[in-house]
Amino acid sequence: MTRRSKNVSAGRVYTYNEKRNDSKCNGYGTTEHRISKDSVKDFDCCCLTLQPCRNPVITPDGYLYDKEAILEYMIHQKTEIAKKMKEYEKQQKREEKEMAELARAEERSRDLKFMKMESSIVSSRTASKSPISESTSGASNTGNGREKMMPSFWIPSLTPSAENTKMKKPEKSVLCPMSGKPLKIKNLIPVKFTEVENLQEEKSLITRKVRYMCAVTHDILGNSIPAAVLCTSGSVVTMECVTKLIKKDMIDPTNGMKLTDADIIPLQRGGTGYASTNDKLKVKIEKSAMMA
């Protein structure tokens with residue numbers, strides 16, 4: 001608790017300023033934190049491994065992946081979908097079996113009802129003289145209309161210990177881990193980064209701070225510079241180059257092929273699993289509130 005002066009130590013009012021300071025010191029309430037540069041992945045890093053791509057590919061939505069990582073992810077997802085589909089088919093067969101059992105039970109109940117109606121033809125005098133019928137009617141758990149209160153033990157889903165959990169039919173298509181849209185192997189487009197030619201620097205490509213540049217203007221690429229991928233060649237260029245040069249003739253400068261708007265894919269840059277560059281740079285942590 002924060003220290004109070006002598007003049008207000010006896011006050012009964014717990015002010016808003018005091019409560020806010022106590023919550024901040026003791027870790028109560030919701031706290032906000034701005035993401036630093038270390039928490040934002042580089043533009044040329046894989047969205048799954050968060051490491052520089054050795055064999056980069058891009059989705060139609062502009063998310064960059066390492067080909068090995070995304071293929072491993074897709075194979076794993078297909079295996080999980082196959083397992084869920086088998087469980088769903090077992091559930092369907094189990095429900096069909098239960099419906100058949102229910103139909104047989106209803107038919108059996110109709111037979112019992114018919115036999116009860118036939119037995120009512122017998123005179124009450126004969127029924128009262130029979131001690132067997134008295135003992136049977138007294139010991140039966142389904143007598144005097146109690147059969148409607150008893151659970152149907154011949155149907156597994158209606159037993160007291162059964163749980164009515166129903167599984168939905170799983171999706172057959174693999175979804176992109178970032179956009180959540182269906183993703184196929186044929187939709188992955190190879191990407192070709194243009195390395196910066198620096199003869200003085202003998203470091204490896206991964207350890208360099210400046211690694212790639214625009215394939216046309218040779219401008220340095222970074223997290224703060226919007227870039228795009230040309231599907232016809234896989235080259236990475238800046239958005240400034242797209243708007244000022246490529247948009248005029250709609251021709252790929254690297255190979256001379258014609259382009260369409262769908263062939264220019266903006267590269268999604270930065271961001272991790274919980275934040276993205278220029279979109280959400282703040283993180284909120286919700287904790288228990290301090291009770292005054």
Side-chain angles (χ1 to χ4, degrees), residues 35 37 40-75 77-78 171-197 205 210-281:
I35 297 177
K37 184 179 178 181
V40 179
K41 79 174 186 66
D42 292 333
F43 71 98
D44 59 337
C45 291
C46 174
C47 292
L48 289 175
T49 62
L50 303 180
Q51 299 295 325
C53 297
R54 293 178 295 179
N55 191 5
V57 292
I58 193 172
T59 64
D61 295 320
Y63 292 100
L64 191 70
Y65 296 101
D66 196 342
K67 189 174 183 179
E68 182 180 355
I70 191 62
L71 290 181
E72 183 178 354
Y73 169 82
M74 295 179 72
I75 292 172
Q77 291 298 316
K78 287 183 178 180
E171 294 287 342
K172 293 184 179 180
S173 58
V174 178
L175 303 180
C176 177
M178 297 299 294
S179 63
K181 297 180 180 179
L183 182 64
K184 296 181 180 180
I185 298 178
K186 64 180 181 180
N187 296 334
L188 299 176
I189 303 167
V191 178
K192 297 179 182 179
F193 285 103
T194 305
E195 298 182 10
V196 177
E197 297 179 359
L205 183 64
V210 178
R211 292 192 285 265
Y212 301 112
M213 63 182 179
C214 176
V216 179
T217 62
H218 292 184
D219 292 335
I220 302 300
L221 299 177
N223 291 337
S224 59
I225 300 175
V229 177
L230 305 179
C231 296
T232 53
S233 61
S235 302
V236 181
V237 296
T238 60
M239 290 300 296
E240 184 179 3
C241 175
V242 172
T243 55
K244 293 184 178 181
L245 299 177
I246 300 177
K247 283 285 186 178
K248 293 181 179 180
D249 300 327
M250 294 301 290
I251 296 177
D252 192 340
T254 59
N255 56 13
M257 296 179 64
K258 292 185 178 181
L259 294 170
T260 60
D261 293 335
D263 293 332
I264 303 174
I265 301 176
L267 182 63
Q268 302 289 342
R269 50 202 170 88
T272 58
Y274 58 90
S276 59
T277 303
N278 299 333
D279 186 13
K280 295 179 181 178
L281 295 177

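Please read these numbers as outputs of a predicted model, since none were measured by experiment. Along the sequence shown, residues are numbered consecutively beginning with 1.
For the atom pair CD of Glu68 and CZ of Arg54, the computed distance is 5.0 Å after rounding to the nearest 0.5 Å. In this structure, CD1 on Ile70 lies 10.5 Å from OG1 on Thr49, to the nearest 0.5 angstrom. Rounded to the nearest 0.5 angstrom, Cys47 SG and Ile58 CD1 are separated by 9.0 Å. If you take CG on Asp66 and CG on Asp44, they are separated by 11.0 Å, rounding to the nearest 0.5 Å. Between the CG atom of Asp261 and the CD1 atom of Ile265 there is a distance of 12.0 Å, given to the nearest 0.5 Å. Tyr212 OH to Leu221 CG: the interatomic distance, rounded to the nearest 0.5 Å, is 10.0 Å.
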Next item on the list: Just do the side chain to side chain contact (heavy atoms under 4.5 Å, CB included) check on Tyr63 and Ser179 with the steps written out, would you?
Entry: CA-CA 8 Å; Tyr63 292 100; Ser179 63; 3.8 Å; yes
Margin query: Go through it in stages, so that I can follow the logic: the residues are Asp219 and Val237, the test is side chain to side chain contact (heavy atoms under 4.5 Å, CB included), and I'd like the CA-CA distance, side-chain angles, deciding distance and then a yes or no.
Written below: CA-CA 9 Å; Asp219 292 335; Val237 296; over 6 Å; no
Checklist line | side chain to side chain contact (heavy atoms under 4.5 Å, CB included) between Asp42 and Arg211, intermediate numbers included | finding: CA-CA 11 Å; Asp42 292 333; Arg211 292 192 285 265; 3.4 Å; yes
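When atom types are taken as modelled, the side chain of Asn255 and the backbone of Met257 share a donor-acceptor pair closer than 3.5 angstrom. Listed for the Gln268 side chain is a donor-acceptor partner under 3.5 Å among the backbone atoms of Asp61.
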Determine all donor-acceptor pairs shorter than 3.5 Å in which one atom belongs to a side chain in residues 224-232; sequence neighbours excluded.
residue: Thr232; atom: OG1; partner: Asp252; partner atom: OD2; Å: 2.6

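Around CD of Gln77, the count of heavy atoms belonging to other residues, nucleotides or ligands within 6.0 Å exceeds 12.
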